[in-house]
Structure formats: structure tokens, C-alpha cells
Amino acid sequence: MNETDELSAGLSPDGIFPGNLLRVGRERLGLSLDDAARQLHLTKFYVQALESGDFSRLPKPPFVRGYIKAYAKLLGQPEHIWLGPYEQMVGVQEQPRIAPLPNVGKVKRQARITDPLMRILTILFLLALAVLSLLWWKEQHQFTNPSEIFHNLISKITVSTLEGDKQIVLADPAEENNSVSLPLSASQINASVTGDNESAPTAAADEAAMNNIAPSTETANTESAVTASTAPVGPSADVAIATEPGATSDQQVVDEDMSNATAPAQDVPAGPPGTDYVVIKFKSDCWFQLQDGDGKRLMAAIKSTGDEVAMHVKPPVRLVIGYMPGIESISIDSNAVDISQYAGRDVVRMTLPQN
Amino acid sequence: MFKRIRGLFSSDLSIDLGTANTLIYVRNKDIVLNEPSVVAIRQVGNQKQVAAVGLDAKRMLGRTPGNITAIRPMKDGVIADFHVTEKMLQHFIHKVHENSFITPSPRVLVCVPCKSTQVERRAIKESALGAGAREVYLIDEPMAAAIGAGLPVDEATGSMVVDIGGGTTEIAILSLNGIVYAESVRVGGDRFDESISTYVRRNYGSLIGDATAERIKQEVGCAYPSAEIREIDVRGRNLSEGIPRSFTLNSNEILEALQDPLSTIVQAVKTALEQCPPELASDIAESGIVITGGGALLRDIDKLISEETGLPVIIADDPLTCVARGGGRALEMLDSRGFELLSSE
């Protein structure tokens, strides 16, 4: 066993610096403490501290490492034999001191946008954003097929008559399907389009018709609903009704003025089963929105003084009123809703019937 | 504005823009790039194109055809060719961010020789900005070297550091985060190579290239007489015959060849100790001198300085990367401690 092996064997594995072996090595070379200090260009005090393993009396670790290397070189030993235990020892002692500084090289890699995971997450996020945008757009434009788009395009038609312009609003096709069929005569249509209210029988018939078509007026068009062609209408000319087979029964013609006819109705008109009859009267300009129990927005409009909305709605009815002082009354199935509790508030959200 | 956005995708860098090698330390990581500061330029008509940078370009040194020139844009620690340095930095910054989504625009800390002039510092700063850096900070090389070597620069005790680089040797005495004394001599690894080439030409009548001289220095170079003699076989072009000849050099010959640059370094160290305030000189005498830089790898250079000064001399751990690591550490402290450690431009 050579000298290096002997020294290696003598090193304690518990991380305690074997300074005494430095002394043994020095004495084996026949060097005194002074000789060693002179050759190492260190003070005698430092050499003693090294040999006793008392590093508290020595400068900072970078210097001590240098001293140990120089001492090992003097003894003709590989420096790692001595540096290993020293590093272990100092590593334990120095830990609290070096803790505030980041441990370079071992710090967890920062997430970057180029990481595969980040890239996938970014793509997913963009896809989700695109889908949400699409859904929002669809909600804003509730056209599911081209015929609806077409219907929307021609939903409002202004007809010039001798008595002035009349606006004809088409009913929503979805609602048309649910609406009560309303057989109307050509004369009724004519009367309503031309605004001829003189004919009492026609007016009576219209009033009756209004009561019947109440469910179909759930849409934003509480005023008039007409399914008609866009042919110009003269004073005596009939409105050319779209003559698709079976379509005639679904076509509803309601004059603007006729919506008032339903207002005084105190009795709840018959409506589809499982619906409530809601009547809202306005005393000044007010924006409001009405949603049925399925969350479908039935109406969102600005109503003016004297307007009234009456319709059958699937409960619970959700109302958003933009200007509460503009509401005269709200009733559901002829039961008045206490609106005094909302006094002093502008925007009010309510669900009817109230519990 | 765009640089700031691009900065979100970039890492802060500490660059040791050395004459021989450029090292880049990435914040919170480690040294990620260590390449020679060499750029190969290809001439196409009137246009100049970068053919290779770093290691690839170094391989071309002395072996290039007429239309390619391999050049070292840094000389004596400062920029010799501004545009080539800019291109080189740009290449290295891109290489460090090679996986980056968009063009990087990092904050960069560049280590500069302590005695470089304002013009030279400005050139380095502009070069880094031109290479795409968002912000550029400068730090004196000895300060970075001392931090990288783990010296207690922030304490009220004197520390002396000798950074032997490729082009310059920086000698500084530091205390309380400041430089008390600094000197820079234009002697470094390149001068060692040059001295070896001159020695070979004079004594063997043969010409050797820079790469061969560097290999001789690395393999058998030493700074202090030693009982162990090392030898190396070298091939060079014989000046009289004009054909390649082989000969053997030993470490004692190289020691003789290096005497001139080594004595310049030793003299600069002695001057620094002479100029040093007595309290700090006492601290240095007690703890010792720390050597960093590639020159510290020259065999027995610590022994030479130790014998000449009578002080303990310590070679820092991993001396080649001390400056870059120290710069990186300074960069990490930048946010917490501000510009205390940085050099004033």
C-alpha cells in the first residue's frame, strides 16, 4: 500500500476534515511547521489551523481551497483526497450562507413559450377562444339556416299606401310554427294593412284575432305581424299573401293599433298549457328584456309611454327592466306584481312569479 | 416597445466578450456557451457574408481559401472590428435562444476590461444593442472575476484578483463592492502564443501557426522551473528549406519563451501591491492573491507569482468561466441590489 492509499484509508468518511493527516504527511517529509509555512507562503497560524481542521480561523472557502491544494502539492498527494472531505464539511457549514443565492445550474428550468406543453396549451387556449367567439356570434345572430337569414332580411317591409307608410313585420318562423292558426280573410288583411279601422266588423274580427294570436306575439313584435309579399299595395289592393299551401293559416296580420286592443283584457286568455300570461304596462320610455323559463330571450326593446306587452310565457319569467319608474304595472295571470318594492331603483331584475 | 415584448421571451445574459473566447451565462441557469471569438467572413463579389462563427470559424483559422477570412474581432480585450463583433454577438445570442418562438431581445451584461476607454465601452455597448439586446449593462472584468471566484467583495476586506485573459491581464484590488486599484496590461494568452511562435522561429527556423502555438502552450507550457520535463512533437514549415519539418520542444524551452510576457504580468502584480493601501495590502498578504482566466491554467503560474511576491496564490475553481459566472451572479443581484456592482460607462 503506497502513501496515498494509506492517507486515503485514514480519511474519515463522516465528512470531518482529517487535518492530522496533513501533519503526519508533513512530518514524514521531515518538514517543520515553519518550513511548511515558508514554502506555502502562509502564516504558521494558518498551517496550524489547517492541520487542526479549524477553518473558522481561516479566510473564506475559496482561499482555503487554494491552501489545501497547495499543501497537497507540497506533500506530493492528489489534491482531491483533501478537497473532498473539506467540500463536504464546508458544504454543510456554508449552506445557510449560500442559500439566498440561486443554485445556478440546478434551478428548475423556467417555462418558455417554446416548450411543447406551453405550445399545446397555447393552441388549446386559442381554439377555445375561437369556439367561444363562434358561440357568441351565433347567439348574437340567431340564424341557424339560410331561410332564417332570408326571413330576417325581409322581416320588416315598409309598404307605401295612400295613407302613408306602413311597416309590416314578419313573425319569427320558429314562433310561427307554435302560433295559433289564424284564418284571416283578404279583407281583414287589407283593412289592417291600409290602416282602415272604420270597418267595425273587421276591427272586431281583428280584436278576436289578437286574442287568439297572443302566444305568437311572444317575439319582439308585439305590434304587428304580417306575412306578406313585398308587392306594392294600393288603397284598394289586397296584400298579396304568400300562398304556400298551409302557410295561410300561419300568417298573422296584426295592426299596430290592435295591440292596444288586448290591453284591457282582464281575463287571462287561453294560452298553451304550462305558460303564464304576463302583462306589462309602461308609463314612460323604458328598455326591458324578457326571457322565458328556458332562458330564451323573447323580447328586448324600448317601449314608450302607454305601450303594453302581453304574452304567454313559460315560467319562470325573467325580466330585466332598464328604468323601473317607467313601469306602470306588471301582472302575471291577472295577479298584480308589487312593484313598489323596487321604488327608487332604475335597473331591476326580477323573476316571476315571485315566491 | 417590440423589444420589450420580445424581452418576455428572452433570458438575461452575462457575456464575457473575451479576446480568445466568448462565454455566455444565462440567468438562473449556467454557462451555456463557450466558443472562440472567431468569425469567418466570406467575400461574395462586393458583399461580405458570415460563413461561420465560433468553433467552426476557429477550425478555419489559417486554413482559409482566398475568399474566406477568419478573423478575431476582439483585440486586447476591446473591439477591433465593430460590425463583425456585432454579427458574432447576434449569432451567439440567437444560439442561446435557438428554441425561442420569436427573435430574442434579452437584457445583457457585458464584462469589459477595467482600463478600457469610454469609446471602447461605448463600442461594446452599441455592438450588443445592435445584436438585439434590450438593455446593456457593463461590469469591470476583475469585479466579475472576483464575484465568480467567490471572493468576499462586499466585505471591508481587501481581495486581490489577477485575471489572465486572452488579450489582457487585469489586476485589481477590491473592497466593499468597489475597485480600489485596477491595472490592465495588454499581455495574455495571445502574447504567450506569439512568444512561442517567435521562439520556434528563432531557434528552430520554422514557422508554426497560432493553433499549433496554442497547443504547445496547453500541453507543455509552464511558468516555473520544474523537475518534471514534458515534451511535444511539433511540425512547422522550415524557413530555409520551405518544407514542413518535425521537431521536439520541451517545457523548459517554453518556459524560456514565455519569460517576457510572464515577467510583465509579475511586474504588474508587484506594482499593484506597491500602490495598494497598507490595510488592504495586509489583508491580501494574509489571505492571498486569486488568479482567474484562461492564463491561470498555465502550469505553475501560481507558483511563479507566489515566489515572486512571497504571498499565497490561489487558482480559482474553474478559472475560465469565473468572469462569465461572476457577471451572471451580478445580473442576478441587479434587481435586488441595483447598479452598485456595475461599471459606469
Side-chain angles (χ1 to χ4, degrees), chain A residues 36-47 49-50 55 57-74 76 79-80 83-84 86-87 90-91 94 97-123, chain B residues 8-12 14 25-32 97-102 104 146-153 155 157 159-161 283-292 300 302-303 305-317 321-322 324-325 328-329 331-333 336:
Chain A
R38 196 165 43 250
Q39 288 198 30
L40 293 170
H41 299 285
L42 292 173
T43 59
K44 205 167 124 184
F45 176 75
Y46 277 9
V47 178
L50 278 175
F55 298 110
R57 294 189 289 163
L58 291 171
K60 297 282 183 244
F63 293 107
V64 180
R65 267 189 224 108
Y67 303 160
I68 293 170
K69 281 182 196 171
Y71 209 144
K73 212 171 177 179
L74 178 73
E79 55 194 38
H80 65 85
L83 276 177
Y86 173 72
E87 296 287 353
V90 173
E94 286 291 303
R97 273 204 64 219
I98 60 169
L101 284 174
N103 188 5
V104 290
K106 290 181 182 173
V107 174
K108 196 180 170 188
R109 191 171 173 273
Q110 278 184 323
R112 294 166 60 85
I113 200 149
T114 50
D115 291 346
L117 184 67
M118 284 292 284
R119 208 171 267 185
I120 289 166
L121 285 176
T122 309
I123 291 166
Chain B
L8 294 173
F9 301 94
S10 312
S11 311
D12 292 347
S14 155
Y25 176 97
V26 177
R27 187 177 179 170
N28 294 336
K29 288 186 192 168
D30 208 340
I31 303 283
V32 293
H97 293 93
E98 60 186 357
N99 293 323
S100 192
F101 203 56
I102 54 174
I147 296 169
L151 301 189
V153 289
E155 292 180 11
T157 177
S159 307
M160 184 167 177
V161 65
D283 292 339
I284 293 162
E286 206 167 298
S287 53
I289 301 167
V290 175
I291 311 180
T292 64
D300 288 338
D302 54 335
K303 202 167 179 182
I305 297 174
S306 183
E307 289 299 327
E308 291 287 337
T309 59
L311 301 177
V313 175
I314 295 125
I315 293 174
D317 288 337
T321 62
C322 269
R325 278 190 288 120
R329 201 66 70 86
L331 200 59
E332 281 157 10
M333 292 190 280
S336 58

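Only this structure's heavy atoms are used, side chains among them; waters, hydrogens and symmetry mates stay out. Below, read A as the first sequence line, B as the second, and so on, with proteins coming before strands; counting in each chain starts at 1. As the structure is a computational prediction, the values presented were derived from the model and not from experiment.
Only the side chain of A/Pro59 comes within less than 4.5 Å of a heavy atom in chain B; its backbone stays farther off. Contact of B/Asp302 with chain A is made through the side chain alone, with heavy-atom distances under 4.5 Å. In this structure, the portion of A/Tyr46 lying under 4.5 Å from any heavy atom of chain B is its side chain and not its backbone.
Here B/Gly310 is the residue among B/Gly328, B/Gly310, B/Ala285, B/Ala149 with the most heavy-atom pairs under 4.5 Å with chain A. Top candidate by heavy-atom pairs under 4.5 Å with chain A, chosen from B/Val26, B/Ile315, B/Leu311, is B/Leu311.
Contact between A/Pro62 and B/Ile314 at its shortest, heavy atoms only, is O-CG2, 3.6 Å. Here the closest heavy-atom approach between residue A/Phe63 and residue B/Ser287 is recorded as CD2-O, 3.4 Å.
Between atom NZ of residue A/Lys60 and atom CD of residue B/Glu155 there is a gap of 4.0 Å, rounded to the nearest 0.5 Å.
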Q: Decide yes or no on side chain to side chain contact (heavy atoms under 4.5 Å, CB included) for B/Glu307 and A/His41, but give the supporting numbers first.
A: CA-CA 8 Å; B/Glu307 289 299 327; A/His41 299 285; 3.3 Å; yes
Q. Where do A/Lys69 and B/Asp317 land on the side chain to side chain contact (heavy atoms under 4.5 Å, CB included) test, with the steps shown first?
A. CA-CA 11 Å; A/Lys69 281 182 196 171; B/Asp317 288 337; 3.3 Å; yes
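Side-chain atoms of A/Leu58 and B/Glu286, non-hydrogen and from C-beta on, never get closer than 4.5 Å to each other.
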